[in-house]
Every structure is written in structure tokens, then in C-alpha cells.
Protein chains: 2
Amino acid sequence: MDGSSNQRQEAVRAFESRCRAEGLALTPQRRLIFEAVLDSRDHPDADAVFEAVRGRLPGISRATVYRVLDALARIGVIDKALHAGATSRFDGNRAAHHHLVCVRCDLIIDIIDERLDALPRPDTRRLGFLIADGQVQFRGICAACRKREGGKSGGSSGKS
Amino acid sequence: MDGSSNQRQEAVRAFESRCRAEGLALTPQRRLIFEAVLDSRDHPDADAVFEAVRGRLPGISRATVYRVLDALARIGVIDKALHAGATSRFDGNRAAHHHLVCVRCDLIIDIIDERLDALPRPDTRRLGFLIADGQVQFRGICAACRKREGGKSGGSSGKS
DNA sequence: TTAAGTGCAAAAGCTTTGCGGGTAG
DNA sequence: CTACCCGCAAAGCTTTTGCACTTAA
């Protein structure tokens with residue numbers, strides 16, 4: 001529990017310096033919301049974060065949670081997870097294919113790459129999860145959004 | 001345009017037999033909605049499908065589009081695309097990781113598998129898409145949903 | 001014939017926005 | 001001190017649901 005605690009500290013530090021770099025004030029709300037996402041093992045939606053934070057900051061409002069999550073995702077200290085939830089989009093392509101996903105505008109582009117079709121499958125027997133198929137999603141920024149943002153779209157964090 | 005036309009015919013055939021197998025009536029609405037998704041190159045949301053179908057079936061209602069898309073996804077003739085849109089879920093995990101995604105309940109489970117961390121990257125220069133990172137999503141059915149569905153969750157289609 | 005499907009309209013959720021007061025820097 | 005940020009409440013969207021009529025099988 002020490003190594004992971006160190007990791008957590010480091011994540012908090014990164015959050016702070018990133019906020020400073022982007023000119024975002026370090027408010028208690030932002031700290032708590034960031035930590036709530038950091039500490040959750042599942043991939044919470046805004047409402048789950050709201051409930052988690054509420055315990056420690058009873059007066060907080062949903063609007064703040066939405067605004068802060070959006071801001072934190074924009075500066076890159078948290079990610080929006082790719083999922084199939086509520087506002088669904090559909091895909092009639094039956095062939096094996098993969099996706100480019102724009103993190104700014106949610107554009108999805110199909111790509112075909114045979115090298116990605118035979119992915120090694122993790123052992124999920126323990127979890128009871130039955131895998132049907134696998135797909136690769138490359139996240140990044142599409143041509144239109146790069147143009148709109150005027151060039152400064154470099155991967156400063158370089159996660160993968 | 002012949003090979004792809006054949007492919008389309010085959011997809012339509014598969015749709016029909018799948019409906020019969022599941023006891024879904026082959027209504028004009030279902031045909032048109034399926035074909036609209038099949039023919040779209042992007043990954044349309046419900047409203048885009050509604051607009052597309054509307055041209056050929058002016059009286060159709062949004063409710064029907066939602067219901068049909070849901071039904072078609074459930075019997076597996078179309079997929080719900082994974083994306084980060086409106087109803088977002090967040091991820092504070094900064095380390096490279098991948099996901100198991102339950103197609104029934106949208107549960108997301110993190111998995112670590114080093115074999116998946118160094119994915120070959122497709123050439124996207126032509127598209128102007130700047131890749132930041134890649135992630136693998138394995139779709140399937142989680143333990144809870146398998147139990148709830150009473151065992152009959154075998155991968156009959158075997159897409160990948 | 002009959003169970004399933006559809007359209008309509010209303011309801012229910014979730015997310016965003018405007019504004020006045022509060023707070024970090 | 002000043003600009004940014006928050007809470008509140010209302011508005012805006014998207015998606016779901018109940019009900020009576022229509023239609024596929």
C-alpha cells in the first residue's frame with residue numbers, strides 16, 4: 001500500500017501542476033472531484049462522482065461536477081472512457097475493423113489493419129467475463145479539430 | 001460495386017434470418033432502419049438514423065427508431081459503437097491499460113496486459129488524424145449478465 | 001386471428017447555461 | 001483587488017414509456 005500511495009501522490013502532483021500550467025484555480029471542488037475519479041475502481045459517470053464527492057463537500061452542486069469533469073478531461077488529467085452507454089451510436093459494419101476516435105468531437109473513423117485482428121486475449125476466466133470480440137480504438141485528434149485548434153495539439157503527456 | 005453489393009445483400013439476408021430466429025417480425029421500419037445503419041459510413045446516433053429513414057418513410061417516429069435500434073443491437077445484427085459522447089464516464093487511470101466492456105450492462109473492467117501495450121499503429125497521415133494513444137476493448141458479457149441470462153450467451157456469430 | 005409492432009404525446013433523465021455572490025491568486 | 005469559480009434554478013436535449021390502433025405471420 002506504499003507504492004500505490006506514492007503513485008497517488010504523484011498523480012495529485014501532476015494534477016496540480018497541470019492546473020497551474022493551464023491557469024485553472026486549485027479549488028477544493030476540483031481537488032475532490034479529481035481524487036474521486038482517481039480513487040474509483042470502476043469508471044464513474046458524472047452522477048457517481050457527484051455522489052462520491054457529496055460526502056465530503058455536502059454543498060456541492062451537479063453543475064460544478066459536470067463543469068469540472070469536463071475541464072479536467074480537457075487538460076488531460078483524466079480521460080473520458082469509451083463506452084456504449086446512453087447516447088448510442090451504431091455500426092453496421094460486420095467485418096473486423098478498428099476505430100480512430102477523436103477526443104474533441106467524437107468523430108469515429110473505421111480503419112482496417114490486419115495486424116490488429118489477431119489480438120492476444122487476456123485470461124478472463126477468473127472474472128467470469130466471456131469475450132466475444134476485440135477492437136482497437138486509437139484516440140487522438142482529427143484533422144478538422146487540429147485545424148480548428150490552430151496547431152497546438154501536441155501530445156505533451158504521451159501516455160502510451 | 002458488385003462485390004460490395006453482394007456483401008450488402010448477404011448482410012440483409014443475415015438480418016432477416018436473425019430476426020426470424022429471434023421471433024422479430026420483419027416490418028418495413030426494421031428493414032429501413034437496418035439498411036440505414038448498414039449504408040452509413042459514419043457511426044450515426046439515433047437521431048441521424050431517424051433523419052435518414054424519414055426520407056423513405058415519412059410517418060416514422062423517433063420512438064420506433066430507438067426501439068428498433070435497441071432490438072437490432074440486442075440480436076447482434078448491428079453494434080453499439082464505443083465512444084466518449086454525451087453521457088460520459090471517466091477514468092483516472094493514467095497507466096496504459098485496456099478494457100473489458102459488457103455489451104449488456106456497459107460495465108467496464110480494467111485489464112493490464114503488456115502484450116497489448118505496443119500496438120502497431122496504422123498510417124493515418126493521409127487522414128490528418130493525430131494518434132495520441134491506443135486501447136483495446138474486448139467486448140463480451142460480464143459474469144453478472146451471464147448469470148442473469150441463464151447460460152445461453154454463447155458467441156454464435158463469432159465476429160473476430 | 002392474434003400477438004407483436006408502431007405512432008403519438010407525455011414523462012423522465014441527464015447535461016448545459018445564466019446569473020449573482022464567493023474565493024483563489 | 002480582480003478575474004475566475006461556484007451554487008442555484010431553469011432551460012434544453014435525448015431517450016423512454018403508456019396506450020390505442022395497425023400489421024405481420
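- Closest to the Y66(A) side chain, of the nucleotides dC14(C), dT6(C), dG7(D), is dC14(C).
- Comparing dC6(D), dG7(D), dT15(C) by their closest approach to the side chain of R62(A) singles out dT15(C).
- Dashed line: the shortest gap from a side-chain N or O of T27(A) to OP1 or OP2 of dC6(D) is under 4.0 Å.
- Between D110(B) and H98(B), the side chains place no donor N or O within less than 3.5 Å of an acceptor N or O (distance only, hydrogens not considered).
- For A25(B), the side-chain atoms get nearest to dA24(D) when compared with the rest of dA24(D), dA24(C), dT6(C).
- Among the nucleotides dA25(D), dT15(C), dC8(D), the one closest to the side chain of A46(A) is dT15(C).
- Salt-bridge annotation for D39(A) and R8(A): present, with a side-chain N of the basic residue lying under 4.0 Å from a carboxylate O of the acidic one.
- Here the P atom of nucleotide dG5(C) and the CG atom of L69(B) are 15 Å apart, to the nearest Å.
- In this entry the distance linking CD1 of I60(A) with C1' of dG7(D) reads 10 Å, nearest Å.
- The CZ atom of F50(B) sits 12 Å away from the C1' atom of dC8(C) (whole-angstrom rounding).
- Ion pair D133(A)/R121(A) not flagged as a salt bridge, since none of the NZ, NE, NH1 or NH2 atoms sits closer than 4.0 Å to an Asp/Glu carboxylate oxygen.
- Regarding D45(A), its CG atom lies at a distance of 16 Å from the C1' atom of dT16(C), rounded to whole Å.
- Each of P28(B) and R67(A) lies near DNA chain D, and the nucleotide nearest R67(A) is the one positioned closer to the 5' end.
- Distance, R74(B) CZ to dG5(C) P: 10 Å, rounded to whole Å.
- Atom-to-atom, CZ of R89(A) to P of dT15(D) comes out at 11 Å; the value is rounded to the nearest Å.
- Taking only side-chain nitrogens and oxygens, Q29(A) never comes nearer than 4.0 Å to OP1 or OP2 of dA24(C).
- Around the CZ atom of R56(A), the shell of radius 6.0 Å holds no more than 12 heavy atoms that belong to other residues, nucleotides or ligands.
- Under a 4.0 Å N-O distance rule, the pair R31(B)/E35(B) does not qualify as a salt bridge.
- In this structure, the CD atom of E22(A) is 14 Å from the P atom of dC4(D), given to the nearest Å.
- Nucleic acid contact for A63(A): base, since at least one base atom lies under 4.0 Å from a heavy atom of the residue.
- The shortest distance between the side-chain N/O atoms of T64(A) and the OP1/OP2 oxygens of dC6(D) is not below 4.0 Å.
- Listed pair R30(A) / dC5(D) meets the phosphate criterion, a side-chain N or O lying under 4.0 Å from OP1 or OP2.
- In this structure, the CG atom of L26(A) is 13 Å from the C1' atom of dT23(C), given to the nearest Å.
- Where D47(B) and G59(A) meet DNA chain D, the nucleotide closest to each residue was compared, and G59(A) sits on the side nearer the 5' end.
- Judged by distance alone, with hydrogens and angles left aside, R20(A) brings no side-chain donor or acceptor close enough to the base of dG25(C) to form a pair under 3.5 Å.
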